Number of protein chains: 2
Amino acid sequence: MGRWEPNARGRLEQAALDLYSEHGFEQTTAAQIAERAGLTERTFFRHYADKREVLFGGAHALEQAFVDTLADTPAAAAPIDAMASTLETVAAFFLERHEFAQQRQAVIMANAELRERELIKLASLSAALAATLRRRGVKDPAASLTAEAGIAVFKVGFERWVADTGQRTLAEYLRESLDELKAVTSGE
Amino acid sequence: MGRWEPNARGRLEQAALDLYSEHGFEQTTAAQIAERAGLTERTFFRHYADKREVLFGGAHALEQAFVDTLADTPAAAAPIDAMASTLETVAAFFLERHEFAQQRQAVIMANAELRERELIKLASLSAALAATLRRRGVKDPAASLTAEAGIAVFKVGFERWVADTGQRTLAEYLRESLDELKAVTSGE
DNA sequence: CGGTTGATGTCAGTCACTGACATCGGCTCG
DNA sequence: CGAGCCGATGTCAGTGACTGACATCAACCG
């Protein structure tokens, strides 16, 4: 297929993560990433819409996993229970990726533009979950709020899991966060 | 103070909102905004870090209002009640601004970069609220989750208020959203 | 082997944003 | 009132993200 080596996207993502880690996001030019991947700057922008997007290649798959899992949950379950079950299932996605998640998160948290991109991915995820809930008959604003609650739990749990040294699983942190959210919204 | 007319920031914000509304965010150059405001492009970037920021001049004041209000809430109140009271108080901020909010929101929602900026402002607000709660003795993850819950309620309520024709107040939408979140997290 | 196709390379151009330096207007102080 | 200070603005040149148009190459297809 390609003119030279295969897996151009993989090489670009690895090169970008390495360079962003070493020199920082702003100090890295698209041309440098492309060069390390054995490609040209123009080709970089054919694979990724901008310099940020190269760190979010997996976002679409994650959203798909969330949506598919939620859609497959028994219809009888209350929305929040369906969301809880979805979070637990998707957490398995990260079982072998703690170290990678830490490196990637460090890069993202070090730069405001990257944090913005992370937030819009989560917002897109929330919107997709809300749409899925609506398809299951949940009305608004319940659907939107259940989705937002799920994303809030994911954000807080994920952040704590990444900060951890790797003892507890993401699923544990997510369960803990959900329980805490329930406690908090019921007035303690 | 200024070399010419006063209120350079105000003129830039008005010119930007108008141009973004008329031609779209991407189709508007910083030079065009500056020209309409009677200034140069360089001066635009002295007042605002980038093209997006000119729409968020009020974000800092809003965050301050949130934080101050939450900090002034009686210490006895449960965190979620303090948050509810804060939301209601801050809603007054928008009483006379429905039309402005609609125009601004239409511009923001029409562009992904602007949505990203909006999201990071809300994330910053969430972090500030969580810090305020911690200062009141609330532990993590309760503090983070209460703040995230408050922001989720604000997002959903605000969105519905903006979509409304102006019958109900923002405070009503926020109260409704909070009630719905409580219902949803308690398993319906 | 010639044609097709999709990924890549090349090149020129726009625009967001920045640093360095000049200039202007108002204000203070003597 | 006039000299000088200072903050806001203007000017200019430069970097780098991103894009459109077009050429090229490698694999595949018949």
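Because the structure is predicted, anything quoted here is derived from the model rather than measured. Chain letters run A, B, ... following the sequence lines, proteins first and then strands; every chain starts at 1.
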Aromatic B:Tyr20 / basic B:Arg52 pairing, under 6.0 angstrom, 45° off normal: no

Length of the line joining A:Ile33:CD1 and D:dG16:P, which is rounded to integer Å: 13 Å

Gap between atoms CZ and P, on B:Phe44 and C:dT18 respectively (whole Å): 11 Å

What is the distance from OH of B:Tyr48 to C1' of D:dA8, rounded to the nearest Å? 15 Å

Pair up each side-chain donor or acceptor in residues 83-94 of chain A with any protein partner under 3.5 Å, not counting sequence neighbours, and list the distances.
| unit_1 | atom_1 | unit_2 | atom_2 | d |
| --- | --- | --- | --- | --- |
| A:Thr86 | OG1 | A:Ala82 | O | 2.8 |
| A:Glu88 | OE1 | A:Arg175 | NH2 | 3.4 |
| A:Thr89 | OG1 | A:Ser85 | O | 3.0 |

Does the protein touch nucleotides 10-16 of chain C at the base, only the backbone, or not at all? Give it as B, S and - per nucleotide, heavy atoms under 4.0 Å. BB----S

Please list all pairs passing the ring pair (Phe, Tyr, Trp, His ring centres under 6.0 Å) test where one or both residues lie in residues 98-142 of chain A, with sequence neighbours left out. A:His98-A:Trp161

Starting from P on D:dC18, measure out to CG on A:Leu12 and report it in whole angstrom. 14 Å

Of A:Ile151, A:Leu129, A:Leu133, the one forming a side chain to side chain contact (heavy atoms under 4.5 Å, CB included) with A:Thr146 is A:Leu133

Between P on C:dC24 and CG on B:Leu39, what's the gap in Å once rounded to a whole number? 17 Å

Taking 4.0 Å as the cut-off, does a side-chain nitrogen or oxygen of B:His47 come that near to OP1 or OP2 on D:dA8? no

Roughly how many Å is it from CZ in A:Arg9 to C1' in C:dA7, rounded to a whole number? 13 Å

Would you check if there is a donor-acceptor pair between the side chains of B:Tyr48 and B:Glu13 at a distance under 3.5 Å? yes

Any donor-acceptor N/O pair, A:Arg9 side chain to A:His47 backbone, under 3.5 Å: yes

